[in-house]
There are 2 protein chains.
Amino acid sequence: MVPGDLGTADPGVIMATIQDVAKAAGVSAMTVSNVINGHPNVRETTRAKVLDAMARLGYRVNVSARNLRKGRTGTIGLAVPEVNRPYYGRLAAAIVNAAAPLGLHVSIEQTRARRENELEALSLSRNRMYDGLILSTVGMGPADADWLKVDHPVVILGERIFGGPVDHVAMPNVEASRAATRHLVERGCRRVAFLRGSVGEDVDVSSLRRTGYRQALKSAGLPLDPGLEQCLTSFTMAEGARCARRMVESGLDFDGVFCVTDTVAMGVLRGLADTGVRVPEQVKVIGFDNIEESEFLVPALSTVDPDHDTMAERAVTLLARRIEQPDLPREPEEFVGRFSVVVRESTGGHRRP
Amino acid sequence: MVPGDLGTADPGVIMATIQDVAKAAGVSAMTVSNVINGHPNVRETTRAKVLDAMARLGYRVNVSARNLRKGRTGTIGLAVPEVNRPYYGRLAAAIVNAAAPLGLHVSIEQTRARRENELEALSLSRNRMYDGLILSTVGMGPADADWLKVDHPVVILGERIFGGPVDHVAMPNVEASRAATRHLVERGCRRVAFLRGSVGEDVDVSSLRRTGYRQALKSAGLPLDPGLEQCLTSFTMAEGARCARRMVESGLDFDGVFCVTDTVAMGVLRGLADTGVRVPEQVKVIGFDNIEESEFLVPALSTVDPDHDTMAERAVTLLARRIEQPDLPREPEEFVGRFSVVVRESTGGHRRP
DNA sequence: GAGGTTGTTTGTATCGATAAAAATCACCTC
DNA sequence: GAGGTGATTTTTATCGATACAAACAACCTC
């Protein structure tokens, strides 16, 4: 039977409660509850009576009441900048999928990468609106670590590393960026540009990935030219395209580009096409994230695959553990994912590896 | 002040209730409730006492309790096949944004386009887990219309048109597809292929868009060649690419392609590139959805823009009205969005209109 | 048949917040 | 100071489900 059978209840009629069912079945409310929750020790004939009454009345549990009594909502929050950004969309999908088998629903908060919205999400979690929160900290900084000293399950997801007492799932930003840059160098690039956002003093994506970029250049014996580091105002295709055109038109000498995200790299490919620069012959391009589109671009985009699914699965698992065992003050766990460099046409590889 | 101030409460301590605050402030629970909800007629000095006590105890409302009492959860469900598909991701983001100013949270259900998951989402809504549901019916068919006879606010979003008693937000699929196809014809195409999914007897995306496609060919006086209609097993880039390669390699004669979605069109562009077919010189391509990536592809993809934001905003508005006025059995409303054809390089236009 | 064991069912008391009605207070008028 | 008026506060009674403990029933052993 399909879950949620309508029964024969009239629409528009007041919802039946567990008490109504109990009366109709000639048993107590507790027995109905026991049937609903599949407790053992309910006689088969009783169960049948109750199920029958439930169907007749079109009974549906009231989740709010159950939540109040149980102190759980069965819902976790996911706070990300925006779900339609390729990277976060992919992550959100993976998280919803990982949460479903545990019986957890996922409520989305869009923070637009703004600090105050991230704090707001934390606050909702503390209101017991959610059993726990997976928070992508983009706007918050280490200075906000105190906000994380909450007694609610929280898993931080993303680039920044907080000292706070919360679990954390991160990408190997430095190593992966080093590998991406090294790949360009191995393919013959000598003047590798790096497109990133503004770097704060703290550990944000741009800083971490820049560290990897610089390490790779250094260990390849290549000079660090500040002119090769370009700063974007946002991680969008439009910005990537604009930046690439500017680089070419200003006569900057470069033969490789490492982009902070695939989205930016898509824009760069477009910007290079606009200015007649051929990829990969004249300039090689590599991105970061391995969004689905990358494989199908012309030329197909080389990139770093951060293993979204494992990260998502891990974040949900950590959160679920905290939810189930709220007391045990386990050491905050940190999971750093694996990564792989995916070589495609934009760095001289074939479309399919 | 940032919402959700932690106060000085010790983490790990049992949450304070409204009663605790009342006791600490020397007032009744109701007064605390009135302060929380910003009711008028609370004396300023009292309010201050209460706020102080709340801060001292680190009080946070218990949303479950409030929901039970109010009969509302402040959350709506959004059931879509998957949030990381470009079209649905965009829609989800727009819906979350439209819901936020109304104080509504959005919980995501991923149905994977399967009928039973769509029914499951309806069921959760009926459990009062959500105040209402925005449901993208992809797997359900008109035969399931009975399931929609619920006494809960539901808005159907998407391609299929149900006769059920629910509000509905749809795209002008036929008209838009006609316009897209006509555009190809106007650009000189005489052999226009159409890439779609399998068509059932009922009103799904593929059927509706095929109708528009055929109408356009007919009114242009062009023959309908069944060989030009290609059937995909899924709306993915991989399928689009595979199909395009197959078409070229099998020697099919075509000079234009109308794709059922932009995602498919991206794959087609890739497949044509693989086989050395030049776009737009030899073959022109147009998609449907105007996903963000389209503008930055090489060549930039012409497409149909269905005005996601208006649709999303409209769906939320309709749902919110039903939530606020559950009794009024208004006539089910139907909103069909507007659309525009965006001409870019893949049909011989410039990147920016 | 007393006493024990296991299996089944039922009262009772919450979970934490709020609606509605009742009570109290502050202040004013005559 | 009685009486009125409006502002403020409290009391009482739920919202619907479930934990817990107690009650009851059925069956067995000696």
Side-chain angles (χ1 to χ4, degrees), chain A residues 9 13-51 53-54 57-74 124 126-131 152 326, chain B residues 9 13-51 53-54 57-75 103 124 126-131 152 326:
Chain A
V13 163
I14 286 295
M15 269 289 192
T17 73
I18 210 171
Q19 321 286 343
D20 301 330
V21 175
K23 203 174 299 172
V27 299
S28 75
M30 256 334 280
T31 299
V32 178
S33 174
N34 286 334
V35 170
I36 292 169
N37 295 301
H39 282 196
N41 301 349
V42 176
R43 201 182 302 152
E44 204 42 59
T45 57
T46 313
R47 180 192 312 283
K49 268 193 306 187
V50 170
L51 288 175
M54 279 172 45
L57 299 179
Y59 171 79
R60 316 258 66 218
V61 310
N62 180 319
V63 179
S64 294
R66 175 183 286 174
N67 288 346
L68 172 58
R69 188 62 243 237
K70 291 207 165 173
R72 292 266 183 91
T73 65
L124 288 171
R126 299 183 54 255
N127 282 4
R128 309 230 194 81
M129 172 134 209
Y130 310 131
D131 293 342
H152 289 270
Chain B
V13 163
I14 287 295
M15 268 290 191
T17 74
I18 211 170
Q19 321 285 344
D20 300 330
V21 175
K23 204 174 298 172
V27 299
S28 76
M30 251 338 274
T31 299
V32 178
S33 174
N34 286 334
V35 169
I36 293 169
N37 295 300
H39 282 198
N41 301 348
V42 176
R43 201 182 302 150
E44 203 44 58
T45 57
T46 312
R47 179 193 311 283
K49 268 193 308 188
V50 171
L51 288 175
M54 280 173 44
L57 300 178
Y59 170 78
R60 315 259 68 220
V61 310
N62 180 319
V63 179
S64 294
R66 174 182 288 173
N67 288 346
L68 172 58
R69 188 61 243 239
K70 292 206 167 176
R72 293 267 182 90
T73 65
T75 297
L124 287 170
R126 298 184 55 256
N127 282 3
R128 311 231 193 82
M129 172 134 208
Y130 310 131
D131 294 342
H152 289 271

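Keep in mind that the numbers below use all heavy atoms, side chains included, and drop hydrogens, waters and symmetry copies. A note on names: the letters A, B, ... follow the listed sequences, proteins ahead of strands, and every chain is numbered from 1. None of the values given here were measured: they were computed from a predicted structure.
Spacing between atom CD1 of B/I18 and atom P of C/dA19 amounts to 11 Å, rounded to whole angstrom units. D/dA17 atom C1' lies 13 Å from atom CE of A/M54, rounded to whole Å. With rounding to whole Å, A/R72 atom CZ is found 24 Å from D/dG16 atom P. The NZ-C1' distance, from B/K49 to D/dT8, rounds to 12 Å in whole Å. Rounded to a whole Å, the NE2 atom of B/H39 is 15 Å from the C1' atom of D/dT10. Atoms NZ (A/K23) and P (C/dT9) sit 20 Å apart, rounded to a whole Å. Remark: P of C/dT24 and CE of B/M30 are 17 Å apart, rounded to the nearest angstrom. C/dA19 atom C1' lies 11 Å from atom CG of B/N37, rounded to whole Å.
With a 4.5 Å cut-off on side-chain heavy atoms, B/R66 and B/N37 count as touching. When side chains are defined from C-beta on, B/I18 counts as touching B/I36, because their heavy atoms get closer than 4.5 Å. A heavy-atom distance below 4.5 Å is not found between the side chains of B/H39 and B/M30.
Which of C/dT8, C/dG16, D/dT18 sits closest to the side chain of A/L68 comes down to C/dG16. In this structure, of C/dA17, D/dA17, C/dT10, it is C/dA17 that holds the atom nearest to the side chain of B/V61. Among D/dC15, D/dA17, D/dT8, the nucleotide with an atom closest to any side-chain atom of B/T46 is D/dT8. Across C/dT18, C/dT10, C/dA17, the shortest atom-to-atom separation from the side chain of B/N62 is found for C/dA17. In the set C/dT9, D/dT9, C/dA17, the nucleotide with an atom closest to the side chain of B/R43 is D/dT9. Distances from the side chain of A/K70 to the nucleotides D/dA19, C/dA19, C/dT18 place D/dA19 closest. The side chain of A/N41 lies closest to C/dT8, out of D/dT10, C/dT18, C/dT8.
Crowding of B/K23 atom NZ: a count of heavy atoms from other residues, nucleotides or ligands under 6.0 Å not exceeding 12.
Residue contacts shown for A/T17 are limited to sugar-phosphate atoms, with no base heavy atom under 4.0 Å away. Using a 4.0 Å heavy-atom criterion, one finds that B/N67 contacts no nucleic acid atom at all.
In this model, a side-chain donor or acceptor of B/R69 finds a partner on the base of D/dT14 within 3.5 Å.
For B/S33, a side-chain nitrogen or oxygen approaches OP1 or OP2 of C/dT18 to under 4.0 Å. Residue B/T31 has a polar side-chain atom (N or O) positioned under 4.0 Å from OP1 or OP2 of D/dT10.
Nearest-nucleotide mapping onto DNA chain C: of A/N34 and B/V32, the residue sitting toward the 5' end is A/N34. Between B/G26 and B/A65, the one whose closest nucleotide on DNA chain D sits nearer the 5' end is B/G26.
The CG atom of B/N62 sits 11.5 Å away from the CE atom of A/M129 when rounded to the nearest 0.5 Å.
Under the side chain to side chain contact (heavy atoms under 4.5 Å, CB included) criterion, A/A25 pairs with A/V27, A/V50, A/A53, sequence neighbours left out.
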